[in-house]
Protein chains: 2
Amino acid sequence: MSRHDESAPTLATVAEAAGVSRQTVSNALNSPDLLRPETLVRVQEAIDRLGYSPNRAARSLRTRSSHLIGLRVDAAVEDSANALMDRFVHTLVESTEVVGYHVLLFTAGDHDTPEPYEELLRSAAVDAFVLTDTFLGNPQAAWLAGRGVPFVAFGRPWDDPTARHPWVDVDGHAGVALAVDHLVERGHTRIAWVGWQKGSFIGEDRRSGWVTRLHEHGLSTSRLSARGEDTLEFGTRAAHALLDVAAEERPTAFVCASDTLAMGVLRAVDVLGLRPGRELGVVGFDDSIAAQVCTPALTSVRQPLEEVAVEVVRGLGALLAHRPVGQPGRVLAPTLSIRSTS
Amino acid sequence: MSRHDESAPTLATVAEAAGVSRQTVSNALNSPDLLRPETLVRVQEAIDRLGYSPNRAARSLRTRSSHLIGLRVDAAVEDSANALMDRFVHTLVESTEVVGYHVLLFTAGDHDTPEPYEELLRSAAVDAFVLTDTFLGNPQAAWLAGRGVPFVAFGRPWDDPTARHPWVDVDGHAGVALAVDHLVERGHTRIAWVGWQKGSFIGEDRRSGWVTRLHEHGLSTSRLSARGEDTLEFGTRAAHALLDVAAEERPTAFVCASDTLAMGVLRAVDVLGLRPGRELGVVGFDDSIAAQVCTPALTSVRQPLEEVAVEVVRGLGALLAHRPVGQPGRVLAPTLSIRSTS
DNA sequence: GGTGGGCAGTTGATCGATCCAATCTCTCAC
DNA sequence: GTGAGAGATTGGATCGATCAACTGCCCACC
């Protein structure tokens, strides 16, 4: 009856069991190449036998790094197809685990303040952040960068091309261009845009794909564009308005800035008794779950969220190792998921 | 030029600034009522002035609690409407923050092993877990409980009513009964069930709501039930099969075990040229985003995920305070979100 | 007047890992 | 045979908080 079994094994316990010192056990874990092979084996056995895992708090305290990455989750918006985070978060968690990190979730209340970020950083709860809600340019990126908070952004620093923080983004322009090409190939010549109000950089990026691509195909964009909020209702209203013209001016296809808007367009189309598909094309953006399961299934631009997550983690790695980043940003190409509405 | 400004303030720094001892500062944070009001104010000022937040690693090491809750995220399934986690996760994060905790995400690989859970617990990375994927009974709950891992489950221990771990669940039976009542009120008398294969406790619970409620209304269930996998395709196949009978035997409404299945049913209905709504009712389960934005919008049973999250956190609180739980489980009532398909 | 008790605040030890500098053990060259 | 030097291991100090025990101090009570 040696020792009470209740307390978890520590470095010292393992060291004693293996007949070596604490430091040797620590080296076995952190720099195994420093040990003689036979010693390493002996230590490993003791570790396995005792079921030892190093205490994170202790390691964290000493090394001054928690091996945690902060990710802010904001309130889920109802009635909108914006559930693309699921896919992203999962890959992010998987990728971070590969490099020995975990993801910590937090909320930041209603208004954007740096407080929660700084608090987590000051208390050494996380080593860095991943920013995702860079919807309207990213004001946060600016103030976080200014305060020396380490982070990688999913989204370009639109408003400040000189920003030096690492970021990853998806080429919205190219995504919409893909959609336009596809619709043109299907024979459409009057392709409308349903997007967001001016002021959103992402929205303008996506829209520019529509404008330039139509022009490159020698097609007109005039009287084919609608702008408003990112809601189902606006999508429906916009479609009604765009279709309420003389037959020869009527668009035969809609490219939308989001799946939410596209679903709104589909609703209008349904009310008017038109059948989406070859005759009337509709393309969304995000390839949300709703796009996949609704009837008719929505053709949509798919962001390579898995790749984005991997790149974000790569950026985090460089950031935390204080490796200088050559070019801070990376733009990835989306693909088109073709379904029934085109 | 006192001290290099780089390093973050610690208890000692604050203590010196306020002219008190470390412990007094610690007390100011953890048991303010131990201090004389004027001392408390003085310490508070120093804390604010220096921008001090206690180091979590150090606190964690000493108190043996990380104030982190582990939540496993599994691979997002494509082509299925199961995105109900978003809503749950957000409320969970918010509720845990209120009681001073944070949520840590992790994955458990493909097969279910207790390894990742035990590893996180052994290394003191988390204090407890929240289990959510208790889809088919919950095997994990059993082995986690057996190994003394503290957790609260979202989902009943169907296979072991004597289990003592805390859990929260939603009454699937009642949810489906709600759907049946609603359809009966709309005048339907031949109401079909599209659900999962036998062997899933949740599936049987939901189905039982359909069976007993129809019988209570004096309606028949014979030849009105289909069972299969939780996919869009099966929903479509099942609907085709159920509708392929003599007109007077044909169901006029479908209650489904999930939104995914309901979307499949809608697809079949669409192909057959029927219009869902008053004449042909379809009700799903989960009130997923897809249900909300698709056309026609799907009537669906809505789980009170916000309440569930709050209850889960309450359970965690009791668990971590070693407060004995009287009755370990709590069943919450779902509601019905009525939309166009009924 | 001595004891006892509550209040306010202090000090040293401790949690479990890693860092650091010093030591020990070889092997090999001269 | 000795010293250099790399390879492997050691004990002590440290990260920053909390715990436990202790010191004054003041007032009440017998």
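Worth knowing before you read on, the calculation uses all heavy atoms, side chains too, and leaves out hydrogens, waters and symmetry mates. Quick note on labels: first sequence line is chain A, next is B, and so on, each numbered from 1.
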Counting N and O atoms only, with roles assigned by atom type, does the side chain of Thr96(B) sit under 3.5 Å from a partner on the main chain of Leu92(B), one being a donor and the other an acceptor? yes
Surrounding CD of Glu97(A) (heavy atoms of other residues, nucleotides or ligands, distance under 6.0 Å), is the total greater than 12? yes
Salt-bridge present (Arg122(A), Glu119(A); N to O < 4.0 Å): yes
When we call it a touch if two heavy atoms are under 4.0 Å apart, what does Thr10(A) touch: a base, just sugar-phosphate, or nothing? sugar-phosphate
Under-3.5 Å donor-acceptor pair between Arg22(B) side chain and dT10(C) base: no
Do His90(B) side-chain atoms and Asp74(A) backbone N/O form a donor-acceptor pair below 3.5 Å? yes
Is Arg42(B) salt-bridged to Glu45(B), cutoff N-O under 4.0 Å? no
Tell me whether the OP1 or OP2 atom of dT18(D) has a side-chain N or O from Thr63(B) closer than 4.0 Å. no
Could you check which residues of residues 30-39 of chain A get a heavy atom under 4.0 Å from DNA chain C? Sort them by number, please. Asn30(A)
May I ask you to decide if Asp33(B)'s main-chain N or O and Ser31(B)'s side chain share a donor-acceptor pair within less than 3.5 Å? no
Whole angstrom value for the distance that separates P of dA17(C) from CD of Gln23(A): 12 Å
Beyond-backbone contact of Phe129(B) with Gln140(B), side-chain heavy atoms, under 4.5 angstrom: no
Check: Leu34(B) main-chain N/O paired with Asn27(B) side-chain donor or acceptor under 3.5 Å: no
Which whole-number value in Å describes the distance from Leu11(B) CG to dT14(C) P? 19 Å
Check the distance between dG16(C)'s P and Leu29(A)'s CG and give it to me in whole angstrom. 16 Å
Contact class for Ser21(B) (heavy atom, under 4.0 Å): base, sugar-phosphate, or nothing? base
Heavy-atom side-chain contact between Pro114(B) and Val149(B) under 4.5 Å: no
Any side-chain heavy atom of His165(B) within less than 4.5 Å of one from Trp167(B)? yes
If you count the non-hydrogen atoms of other residues, nucleotides and ligands that lie under 6.0 Å from CD in Glu16(A), is the total more than 12? no
Does a side-chain N or O of Arg64(B) approach OP1 or OP2 of dG16(C) to a distance below 4.0 Å, or not? yes
Rounded to whole Å, CD of Glu16(B) lies from P of dT10(C) at a distance of 13 Å
Give me the residues of residues 40-62 of chain B where at least one heavy atom lies under 4.0 Å from an atom of DNA chain D, by number, or none. Tyr52(B), Pro54(B), Asn55(B), Ala58(B), Arg59(B), Leu61(B), Arg62(B)
Gap between atoms CG and C1', on Asn27(A) and dA8(D) respectively (whole Å): 9 Å
If the helix axis at each end comes from five base pairs, how far does the helix from dG1(C)-dC30(D) to dC30(C)-dG1(D) deviate from straight, to 10°? 60°
